[in-house]
Amino acid sequence: MPARSLMFQGTGSDVGKSLMVAGLARALVNRGLRVAPFKPQNMSNNAAVTVDGGEIGRAQALQARAARLAPTVHMNPVLLKPQGGHGSQIVVQGRVAGASGAADYQRVKAGLMPAVLESFNLLRQDADIVLVEGAGSASEVNLRSHDIANMGFARAADVPVVLIGDIDRGGVIASIVGTQAVIDPADAAMIAGFIINRFRGDPALFADGMAIIQARTGWRAIGLVPHLEAAGRLPAEDGLGLAGKGGRPAQTAGAPIRIAVLVLPHISNFDDLDPLEAEPQVEMIQVRPGEALPGDIDLVILPGSKATIPALAALRAAGFDIDIAAHVRRGGHVLGICGGYQMLGRSVSDPAGLEGATGTVPGLGLLDVDTVLAGDKTLRETSGRTADDATFHGYEMHVGVTTGPGLARPFAHFADGRVDGAVSASGRVSGCYVHGLFADDAQRDAWLRRLGGDGVDHAYEAGVEAALDALAAHLEAHLDIDWLVKTSR
């Protein structure tokens, strides 16, 4: 029998849909059910490599982990990746299918529903229940035509909906009652109940609020979920996490190791930095254009980018190229990951105009390499050892071929015999294509000691598992999960 299914939509973005699905997935798996996560359409530059050789949103990879499954492309069949000059790259069932501006996409998405339903039905064959996550807000009626992300999918697949509101941002009664007021009555009929998320204080103080919403909408009140600090240890879905939303941990001011990360336009896969940020001896400082790079930094990190050349232009316009050069002269360390690695070289060329205009731009010249943005996208998991013999396990996700004399001093030696990246003659500037480096405790330990620290404080992957278990227990305590399972169909 195909799996039952239940969809979770939100009154807005960042109301906690992704972590709600992750926590429920772990809770239901702990009950002995086979659970599969599914998000018809996601927009994020935070992506993960799947076992079937494609890419999906990082949030769906976390949900798969919560369900104790290997991630597949069918868990997120449409992924939109914003990029400079071309709107968003469209990834369908794990593979790049083209690019589109926002207005054009409203026409394109009408043809994507068959792929979405195909992936959904494939997941249903091997699960007891599929937990579906919507995108953005259920009340975006201006985008309802040909919708594949929210009510359009729910209606097409006949999946009942639970609406999530975030009380922490205020106005939650109006946001839920207002959703019912603006959406089509047939769409509203798909909503079976609502959840209030991120409550702080005495739950008894909002009992009347829950009753008012239930009376106004006719939807069942499923639960009031208090804020959970442990959720901050889980990766954020998108760039909102960089602004400190979603319960993310605060920076450790005054810690002995100071690391600056450049937050440039089109930043991608920024969860690479979560394991470092969680170390008590690290102060992670996010530096944006218009802000000064502090002078007493131990390490500057240039993270991945969905559009290397536009990000490099923003870096120069902000004067960060001058700051980084001064940092290196003072003996500081620099690490570039993926797009950041490309920026550290002598030049970046885009002969096909993948990121906008064709041409070649100078890089920062800190590594003796050149990059051409061409060829098929590389998507694969990888493991090995870095030049200092520290282990790592991560993944590659990039377009571009990097060559040059600097490759004679590779950053990483893969288990399959390949090498990757480059290290400067001084040993202080490094770049590589490997995402997820710092999740490996041995690799993170090596970096902390290189920067004068005492080594790792905790086992990162075990911490993620503990956070998922804590989230599942939290939802078991505050939601009527039995009712959710019975309501699925």
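Starting from 1, each residue takes its place in the sequence as its number.
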For this session: Determine, stepwise, if the pair H474 / V225 fulfils side-chain contact (heavy atoms from CB on, under 4.5 Å).
Result: CA-CA 8 Å; H474 189 65; V225 180; 3.7 Å; yes
For this session: Would you check, one step at a time, whether the test side-chain contact (heavy atoms from CB on, under 4.5 Å) holds for E279 with V456?
Result: CA-CA 7 Å; E279 291 287 345; V456 297; 3.7 Å; yes
Between [Y] and [X], do the side chains contain a donor N or O and an acceptor N or O under 3.5 Å apart?
X    : Y    : result
D454 : Q281 : no
D350 : T358 : no
T308 : Q342 : yes
S119 : Q93  : yes
Y433 : T382 : no
T50  : T72  : no
N46  : S44  : no

Exercise. Could E55 and K377 be called an ion pair, given the rule that one side-chain N must be under 4.0 Å from one carboxylate O?
Worked result: yes
Problem set entry | Salt bridge flag under 4.0 Å for residues E133 and K17 | no
To the closest 0.5 Å, what do you measure between [atom1] ([X]) and [atom2] ([Y])?
X    : Y    : atom1 : atom2 : result
Q286 : F270 : CD    : CZ    : 9.5 Å
I337 : D272 : CD1   : CG    : 4.5 Å
H413 : S383 : NE2   : OG    : 14.0 Å
H146 : Q106 : NE2   : CD    : 9.5 Å
L123 : H74  : CG    : NE2   : 7.5 Å
F411 : D388 : CZ    : CG    : 7.5 Å

Exercise. In chain order, what residues pass the salt bridge (Lys or Arg N to Asp or Glu O under 4.0 Å) check against E465, with sequence neighbours excluded?
Worked result: R26, R65
Seminar exercise, completed: R409 meets the salt bridge (Lys or Arg N to Asp or Glu O under 4.0 Å) criterion, sequence neighbours left out, with none
Exercise. Are there more than 12 heavy atoms of other residues, nucleotides or ligands under 6.0 Å from atom CG of D416?
Worked result: yes
Shortest non-hydrogen contact between [X] and [Y], atoms and distance:
X    : Y    : result
L366 : S424 : O-CB, 4.0 Å
V92  : A115 : CG1-CB, 4.0 Å
A36  : A127 : CB-CB, 4.0 Å
S88  : L80  : CB-CB, 4.3 Å
N76  : P40  : ND2-O, 4.2 Å

Exercise. Between F392 and F414, what is the ring plane arrangement, given parallel below 30°, perpendicular above 60°, and tilted in between?
Worked result: perpendicular
Problem set entry | Pairs where residues 424-441 contributes a residue and the test salt bridge (Lys or Arg N to Asp or Glu O under 4.0 Å) is met, not counting sequence neighbours | D441-R444
Exercise. What pairs meet the salt bridge (Lys or Arg N to Asp or Glu O under 4.0 Å) rule with one or both residues in residues 328-344, with sequence neighbours excluded?
Worked result: none
Exercise. Considering residues at least two apart in sequence or located in another chain, which fulfil the side-chain hydrogen bond (donor to acceptor under 3.5 Å, both in side chains) criterion with N269?
Worked result: Y395
Problem set entry | Step-by-step side-chain contact (heavy atoms from CB on, under 4.5 Å) determination, I90 to V108 | CA-CA 10 Å; I90 303 174; V108 170; 4.1 Å; yes
For this session: Any chance you could lay out the side-chain contact (heavy atoms from CB on, under 4.5 Å) test for F153 and L117, step after step, and finish with the verdict?
Result: CA-CA 8 Å; F153 170 80; L117 292 175; 4.0 Å; yes
Identify each donor-acceptor pair in which a side-chain atom of residues 293-303 lies under 3.5 Å from a protein atom, sequence neighbours left out, and give them as a table.
from: D296; atom 1: OD1; to: R258; atom 2: NH1; distance (Å): 2.3
from: D296; atom 1: OD2; to: R258; atom 2: NH1; distance (Å): 2.9
from: D298; atom 1: OD2; to: R258; atom 2: N; distance (Å): 2.8

